[in-house]
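Residue numbers run from 1 in the order of the sequence given.
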Amino acid sequence: MRTGTATRRLLPCVFILSVCILPYSILFLLNSGNVALPEPVLKLTPVNGAAVSVTEVQRLPTPSPTPYINDGHDVSSSSGTTEGCGSYACKTNQEAMKVFMYDLPPEFHFGLLGWEPKEDESWPDVRQEVPSYAGGLTHQHSVEYWLTLDLLSSNSSCAEVGLCNAVRVQNSDDADVIFVPFFASLSYNLDSKLTKKKRRVSKDRKLQDKLVEFLMGREEWKRKEGRDHLIVAHHPNSLLRAREKLAPAMFVVADFGRTPVRIANLEKDIVAPYRHVVRTIASNDSLKFENRSRLLYFQGEIYRKDGGIIRQVLYYLFKKEKDVHFTSGRFHKNGAKEASQGMASSKFCLNLVGDTPSSNRLFDSIASLCIPVIISDSIELPFEDVLDYSEFCIFISESDALKPEFVMNLLSGIGSDEWNRMWRRIKEVAHHFEYHYPSQPGDAVQMIWEAVHRKLKMSSARLKYHRTKRFHRHH
């Protein structure tokens with residue numbers, strides 16, 4: 001009896017002691033990092049039929065690109081006429097992806113730029129001089145040029161100042177991925193049309209056929225049927241003849257608008273940014289909300305094929321809006337400068353679907369630090385598995401955009417607080433869309449290599465999650 005009474009008297013003491021110890025126990029568990037606490041699973045809206053949970057996304061490691069400092073210079077000016085590599089070379093990252101690059105003849109790459117090899121020379125010596133890229137709008141699709149330069153310089157003997165996400169190896173057996181250095185977009189731009197000599201086959205088509213023949217005969221291709229090969233076909237019309245035969249490879253593209261899904265798709269391929277044609281606006285030079293004189297800016301071709309009908313409809317919807325610049329016209333002599341000034345002084349910049357889902361205007365907008373308004377339902381965006389575009393872009397569905405007053409009411413309703421939040425974010429991410437030689441930490445070149453590395457690991461949960469957030473403001 002006494003024992004039972006004593007036990008009942010001790011119970012309140014044990015309860016109080018347990019309550020006191022509980023917070024310390026929880027803190028210990030959280031700090032230990034080795035205990036998996038239960039967490040609820042919230043199913044999100046499926047994207048293309050594939051649902052993804054918040055839990056699945058939270059378990060993924062958060063990418064942390066190397067910090068980048070914009071010193072205010074026009075970082076987009078590196079167009080090729082670089083004299084030597086200065087003090088540049090890679091610090092070999094222990095986790096850097098190992099890339100084997102085929103020694104293709106110059107006619108596939110720098111020979112298209114007029115470079116002529118000296119005796120016993122396969123590649124230009126980028127420590128001394130870099131062949132200039134072609135002028136005009138061909139710069140938009142120059143992705144393979146920048147990646148090739150980066151690989152050539154990754155083994156440079158200059159002083160080490162950068163950290164590379166990819167390093168060139170000389171033995172294909174040591175490689176994680178095999179890079180095919182064919183300047184396909186440049187070949188299409190320069191040599192896809194038949195000349196007055198009435199050739200039956202263009203030079204570009206001949207190069208595509210020669211490339212296929214070369215790859216099909218390589219042991220590296222046969223080993224995995226090309227699945228570990230990386231081929232840049234950024235211009236929508238580049239490599240069209242060869243893509244089906246090279247379909248097992250990983251493509252670097254601008255979008256998937258002109259290629260069947262069985263050949264190119266988001267599961268295996270990489271979407272890379274266009275190289276913008278307007279000048280880069282330094283963060284400190286970017287106008288604030290109250291200093292921007294115009295609500296909305298667009299300049300480009302209005303009458304387009306395919307999905308471009310939206311441009312025509314919007315042109316007539318915006319025609320009488322005083323706070324909107326919506327005009328037709330390509331870049332002429334001073335066009336890039338005028339477009340840069342127009343975008344930089346506008347609060348929002350339109351990126352519209354045209355012949356293909358993507359266009360360079362998105363990246364011109366980002367370089368101008370003008371909040372992009374994306375109206376293109378089928379667009380795929382670069383690095384969307386690590387970048388949440390809803391933080392610095394406005395997404396409007398094509399059907400909503402065609403409703404009278406919808407776009408104007410939506411944009412007019414965004415006040416300075418929300419706009420400034422997006423403006424600050426676009427300044428933080430803008431450097432991810434810049435192409436440089438030498439490449440810089442976190443720039444487009446390094447982001448592409450990182451994307452390839454992630455694709456090899458087949459991690460897509462965060463990409464699906466970010467895609468669900470595109471139109472969140474309408475729901």
* **Pair Thr138, Asn189: side-chain N/O donor-acceptor within cut-off below 3.5 Å** => no

* Arg454 with Asp385: basic N within carboxylate O range, under 4.0 Å -> yes

* When rounded to the nearest 0.5 angstrom, what is the spacing between CD1 in Ile309 and CZ in Arg311? -> 12.0 Å

* If every non-hydrogen atom of Leu362 is compared with every non-hydrogen atom of Pro372, which pair is closest and at what distance? -> CD1-CB, 3.6 Å

* Asked: In terms of the angle between their ring planes, are Phe363 and Phe433 parallel, tilted or perpendicular, with boundaries placed at 30° and 60°?
  -> tilted

* Please check if any side-chain donor atom of Ser359 sits under 3.5 Å from a side-chain acceptor atom of Asn351, or the reverse. => yes

* Asked: Considering only heavy atoms from C-beta outward, does the side chain of Leu186 approach that of His109 to under 4.5 Å?
  -> no

* Asked: Distance from Ile374 atom CD1 to Leu352 atom CG, nearest 0.5 Å?
  -> 10.5 Å

* **Reference residue His235; test ring pair (Phe, Tyr, Trp, His ring centres under 6.0 Å); the match among Phe251, Tyr274, Tyr188** => Tyr188

* Asked: For residues Asp255 and Ser358, is any side-chain donor paired with an opposing acceptor at under 3.5 Å?
  -> yes

* Heavy atoms only: give me the nearest Val177-Asp228 pair and the separation to one decimal. => CG2-O, 3.2 Å

* Taking atom types as modelled and ignoring hydrogens, do the side chains of Gln299 and Tyr297 form a donor-acceptor contact shorter than 3.5 angstrom? -> yes

* Could you go through the side chain to side chain contact (heavy atoms under 4.5 Å, CB included) check for Leu314 and Leu317 one step at a time? => CA-CA 5 Å; Leu314 291 179; Leu317 287 178; 4.0 Å; yes

* Consider only side-chain N and O atoms of Ser412 and Asn409, and report whether a donor and an acceptor are under 3.5 Å apart. => no

* To do: With side chain to side chain contact (heavy atoms under 4.5 Å, CB included) as the test, would you mind laying out the steps for Arg294 and Val324 before giving the verdict?
  => CA-CA 6 Å; Arg294 188 183 295 108; Val324 176; 6.0 Å; no

* To do: Could you note down all residue pairs passing disulfide bond (SG atoms under 2.5 Å apart) where residues 347-389 supplies at least one of them, sequence neighbours left out?
  => Cys349-Cys370

* Cut-off 3.5 Å, side chains only: do Glu434 and Thr280 have a donor facing an acceptor? -> yes

* To do: Just do the salt bridge (Lys or Arg N to Asp or Glu O under 4.0 Å) check on Arg470 and Glu384 with the steps written out, would you?
  => CA-CA 11 Å; Arg470 289 185 179 184; Glu384 197 173 8; 2.9 Å; yes

* Asked: Is any side-chain N of the basic residue among Arg262 and Glu244 closer than 4.0 Å to the acidic one's carboxylate O?
  -> yes

* Using the six-membered ring wherever Trp is involved, compare the ring planes of Tyr389 and Phe392 and label them parallel, tilted or perpendicular (cut-offs 30° and 60°). => tilted

* Asked: Among side-chain atoms of Ser439 and Trp146, is any donor-acceptor pair under 3.5 angstrom?
  -> no

* Any chance the side chains of Thr356 and Arg258 put a donor and an acceptor closer than 3.5 Å? -> no

* **Qualifying residue for ring pair (Phe, Tyr, Trp, His ring centres under 6.0 Å) with Phe298, from Phe318, Phe326, Tyr315** => Phe326

* In Å and rounded to the nearest 0.5 Å, what is the CG to CD1 distance from Leu239 to Ile263? -> 11.5 Å

* Arg361 bridged to Asp364 by N-O distance under 4.0 Å -> no

* Asked: Between CD1 of Ile371 and CZ of Phe289, what distance do you get to the nearest 0.5 Å?
  -> 10.5 Å

* **CA sep, side-chain torsions, deciding dist, call: Ile394, Phe348, side chain to side chain contact (heavy atoms under 4.5 Å, CB included)** => CA-CA 9 Å; Ile394 304 293; Phe348 300 98; 4.2 Å; yes

* To do: To the nearest 0.5 angstrom, please state how far the NE2 atom of His139 sits from the CG atom of Asn360.
  => 11.5 Å

* CG on Asp204 to OG on Ser238, rounded to 0.5 Å -> 8.5 Å

* To do: List the steps and the verdict of side chain to side chain contact (heavy atoms under 4.5 Å, CB included) for Leu456 and Met97.
  => CA-CA 10 Å; Leu456 293 174; Met97 183 172 59; 3.8 Å; yes

* **Presence of salt bridge, Glu290 and Lys347, under 4.0 angstrom** => no

* To do: Quick one: sort the Phe183 and Phe110 rings into parallel, tilted or perpendicular, breaks at 30° and 60°.
  => perpendicular

